[in-house]
Structure formats: C-alpha cells, structure tokens
Amino acid sequence: PRNARLRIKSNDPDQPLFEVALEGVGTVPAIIVADGDGELSDGTAIVDFGEELPGVARPAETFTISNTGTGPLTNIEVMVVGNHPDDFVRNLAGMDTTVSPQGSTTFTVTFTPGALGGRSAILRILSNDLNNGQFDIQLTGDGIAADIAVSEAASNLTSGGAPRSYGIGLLDEPSAPKTFVISNVGSATLSVTNVELTGVNKDEYSFLEAVPPSNLESGESIEVKVIFTAGGLGVRDATLQITSNDPDESVFMVGLTGTGVGIPEIAVERDSGTPVYNGGAPIDFGIIGTGSSSTAVEFTIRNTGTDFLTGLTVDILGDHPAEFSRDVTNLAATLAPGASKTFSVSFNPTEIEGLQALLSIGSNDADENPFEIRLNGTGAAIEREIVVEQAGNRIQDELSSVYFGAVGYTENSERVFTIRNVGLTSLQISELSVIGDAADDFTITQDPAANLTIGNETMFTVKFDP
C-alpha cells in the first residue's frame, strides 16, 4: 500500500488548511523463466541441447514463463536470434502473451543441427517487466556424425583409391590374410551394416572370419581379414565394399588385386604309361648287334602343372651319346597345362661292349631341370638268327615237316607260319619260295614282311591244293 496526504492552503477564514488522506496500491510484473532443470538467469543462463546428427531433431525443451509480480506481465514475445537461429525452432502454440500475477505459460524449443560442430543462438523473451524487459538465454548444441576410416598395414586408405596388392599368388594356394581396420573417427555411432566382396574375381577373395553388422562408438574399430586364392592366371581384381551410416562415405570401397601364377610340372612316361623318374632306374635297351638299331622306346612328356611348360629340349649326353639316337619330330617346345607330346630313343651300337648315355630333358620346371634318364645298352657282334614256327611249334631246318593232311583234289588246306628274329641285328628276308617235285601243289598266299627288327615277327600262309 502507498499512503500520502493532500494539503490545500487558502484564505478561507474557517479552513485555511484543508487536508485529504490519499491511499493506493502499486502493482508491478516480475518475470521468471525456467526449464526442466530449474530457474534461469537473464544473460548468463546456458541451455545445452547436447549432440545430434545434422538434420535430426533432438527432443523438445520446455520453457516456463512465470509472473511473480503483482501486476500483469504483458506484451510477451519469444524470438531466437544469434549465430544459428534456424537450428533452434520455437513452438509458441498455446503460449499466452499476457500472464496474470502468480500465473505462468509455456513454450518449447527444438534443436535440429544444420551442420557439424558447435551450434548456438540466443533465446530472447520480451515483456513489460521493468527490470528484465529483455530476457536472454544462451542456447547451445553440437552437430555430430559418424566418420568411417579404413586402414591396412598402418596405411590410411581412400575410398576408391589405389588397390591393395596381394602380389603373386600360386593357383589354388591361399595367401596370408590382409587385415583391414574399420574405425569410427567421428563423434556419432558408426553403424557398419554390411561388409562384402564384389567385382569380377570376387570368388577368389574370402573373409578369414564372418563379418557381422556392428555399431562402433567414437574411437572404436573392428578388423576384417581377407585372403586371396588365385583361381586363374593373370591379374585378379575384386573390391572390399563397406556400407555404413557415414554421411559422405556411406559405401567405402577398397580395391583388391593379385596376380595368379601357375607352376609347370614335368612328368615323363615310357611306352604304355609306365612312369619314369628323374635320376631313377636306367632304361636298358638290352643286347643289340653292332650296326643295328634297337626297337625305339617311346617317351611321353606331360605337363601336370598349372602353368605352361616351356623351353622343352631333348639331348643325349654322357659317355656314349653317339650310340643312341632320338626322334623329336612330334615334340613341341611348349606344353599347356594337361598337354603331352612324345619322342623316341633308339640304341645304335657301334662298339662291342656295355654302353651308357644320359637322356637330358630341359624345361622351365622349377625343380627338375634338367630331367635326366640314364640309358644302357650292350653292343654285340652281329648275330642274325631266324626262328620259324607253325602252330606254336618250332620248325627245325631240314629236319621238320609240316603235314597238311589228306586233301581231296577239289579241296585245299592252309597252314600259317611265323618267322621270328631272335638275333642281335635286323633280319632281312630276301626270298620265300616252294621247291620240290610237287611244288605246284603248294602256294604262298600271304607274304611275310621283308625286314624284321630285333625281337619282332612276321607271318605268311601256305595253301595245299593238290
């Protein structure tokens, strides 16, 4: 209450001093502003909205305006000014612009960062408060984001940058794993939703362990181990693809490269597939008459490896190379994986003694170059020896007879004879004829071969037609 007296002086003889008592009550508004944590101070209060991804709204903060004065608080206005006013959005729906004494009203502010980093503004409340007609509150918040970083062998990688090389890999041989480290160097949670291998040769790269989705807080990391197993020759490329919520690198791609190489591998066989071993048991051509040639031994060279066998050569070396000859007409200088070619070797002795040589096969085989096969043979004095058989029985020269049976004059009978060369040199058959009184009754209907090499045979047929 406020009291005073009104005094009036005049020349009234009866009431020269006239006084009237004055009474009144003074009313003033008094603004108080508070949030969920309590009362705020004008000019010094700071309300921090915390951290959020750019473009994502934080929960709204409620502010209460109270009038603790004795008069109405009027002309209330709420505005946001300062550095980043658009990041702090006010909602004045339901707020009163006049608050009676001891009354209150509310409004909300929502923080949605427009960019990374610290964001700030001023919440300004205007009213008819005599002392705090402009009430300012500092508003702050941070725009944050996940930020992916990938490294390998302590080298930080760039998405889509130079590929990581595994070097040379043997076909079907797994490499040592490369370890890729996925880190969150940002301030928000990094959600790694998928890690996969893509690209032309993706099936030749594999994870050492499964890589499930993961959430990485700031500073955390995971390891991904990748193995290269070449499935073909030449350059083999793929991509390690990492999908996450990084705002500007949502798909981080790491190129992978390696070169598949094979191993040539020589294998040698003789005749009908019998394996011959490098430096193993010698090939023995037996006893052959001087000036003659043995039956040729055929050799097969196979490439059982995974790369081209190249630079193939066949030479005869050693003590008596001239006593052996080779025929490489069918041999090729290069064999693809799985391919084979043949050549042959003969023994042609010129001396009467045991003779040795070394068959040397050159190639690019890593551990069998040259591939060496020992050759043995014995040269002997020329001995030609013929054996004649009929029905498996050996016929003695001038001592045996072959019976054709009793045959009618309208009939005939045939016998098959075999000539064998059991000597030490080639056998030449210069003539085959039938002589004697009844020679005309016997006819040679199938002639034998004219030349028999050592150990070979030929057949002829004689028909009796009386």
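Worth knowing before you read on, the calculation uses all heavy atoms, side chains too, and leaves out hydrogens, waters and symmetry mates.
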Write out all pairs satisfying ring-ring contact (aromatic ring centres under 6.0 Å, His included) with one or both partners inside residues 346-378, taking only residues at least two apart or from two chains.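 Of all non-adjacent pairs touching residues 346-378, those that pass ring-ring contact (aromatic ring centres under 6.0 Å, His included) are F324-F347.
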
I301 and its side chain to side chain contact (heavy atoms under 4.5 Å, CB included) partner, picked from T342, L309, V276: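 Answer after filtering T342, L309, V276: L309.
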
Table please: side-chain donor-acceptor pairs of residues 349-357 below 3.5 Å, with sequence neighbours left out.
{"unit_1": "T350", "atom_1": "OG1", "unit_2": "E323", "atom_2": "OE1", "d": "3.1"}
{"unit_1": "T350", "atom_1": "OG1", "unit_2": "E323", "atom_2": "OE2", "d": "2.8"}

Nearest 0.5 angstrom please: K341 NZ to L335 CG, how far?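 Here the rounded value is 8.0 Å.
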
Would you mind reporting whether D237 and P163 have side-chain heavy atoms less than 4.5 Å apart?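 No, every pair of side-chain atoms sits at 4.5 Å or beyond.
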
Test side chain to side chain donor-acceptor pair (under 3.5 Å) applied to N156 - qualifying residues, sequence neighbours left out: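 With sequence neighbours excluded, N156 shows a side chain to side chain donor-acceptor pair (under 3.5 Å) to no residue whatsoever.
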
Salt bridge (charged side-chain N to carboxylate O under 4.0 Å, His left out) involving E204 - partner list, sequence neighbours excluded: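 Applying salt bridge (charged side-chain N to carboxylate O under 4.0 Å, His left out) to E204 gives R236.
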
Which side-chain N or O atoms in residues 109-126 pair as donor and acceptor under 3.5 Å with protein atoms at least two apart or in another chain?
{"unit_1": "R119", "atom_1": "NE", "unit_2": "D87", "atom_2": "OD2", "d": "2.6"}
{"unit_1": "R119", "atom_1": "NH1", "unit_2": "H84", "atom_2": "NE2", "d": "3.4"}
{"unit_1": "R119", "atom_1": "NH2", "unit_2": "D87", "atom_2": "OD2", "d": "3.2"}
{"unit_1": "S120", "atom_1": "OG", "unit_2": "N83", "atom_2": "ND2", "d": "3.0"}
{"unit_1": "R124", "atom_1": "NE", "unit_2": "D136", "atom_2": "OD1", "d": "2.9"}
{"unit_1": "R124", "atom_1": "NH2", "unit_2": "D136", "atom_2": "OD2", "d": "3.2"}

What side-chain donor-acceptor pairs closer than 3.5 Å can you find for residues 175-186, not counting sequence neighbours?
{"unit_1": "S175", "atom_1": "OG", "unit_2": "F228", "atom_2": "N", "d": "3.0"}
{"unit_1": "S175", "atom_1": "OG", "unit_2": "F228", "atom_2": "O", "d": "3.3"}
{"unit_1": "K178", "atom_1": "NZ", "unit_2": "S165", "atom_2": "O", "d": "3.3"}
{"unit_1": "T179", "atom_1": "OG1", "unit_2": "K225", "atom_2": "NZ", "d": "2.9"}
{"unit_1": "N184", "atom_1": "OD1", "unit_2": "D147", "atom_2": "N", "d": "3.4"}
{"unit_1": "N184", "atom_1": "OD1", "unit_2": "G186", "atom_2": "N", "d": "2.9"}
{"unit_1": "N184", "atom_1": "ND2", "unit_2": "A188", "atom_2": "O", "d": "2.7"}
{"unit_1": "N184", "atom_1": "ND2", "unit_2": "L216", "atom_2": "O", "d": "2.9"}
{"unit_1": "N184", "atom_1": "ND2", "unit_2": "E217", "atom_2": "O", "d": "3.4"}

Is the ring pair F63/F49 parallel, tilted or perpendicular, if the boundaries are 30 and 60 degrees?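 F63 and F49: tilted rings.
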
For atom CE of M459, is the number of surrounding heavy atoms from other residues, nucleotides or ligands below 6.0 Å larger than 12?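 Atom CE in M459 is not crowded, with 12 or fewer foreign heavy atoms closer than 6.0 Å.
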
Taking the six-membered ring of F404 as reference, does the cationic atom of R415 (NZ for Lys, CZ for Arg) lie under 6.0 Å from its centre and within 45° of its axis?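 Yes - R415 lies over the ring of F404, closer than 6.0 Å to its centre and within 45° of its axis.
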
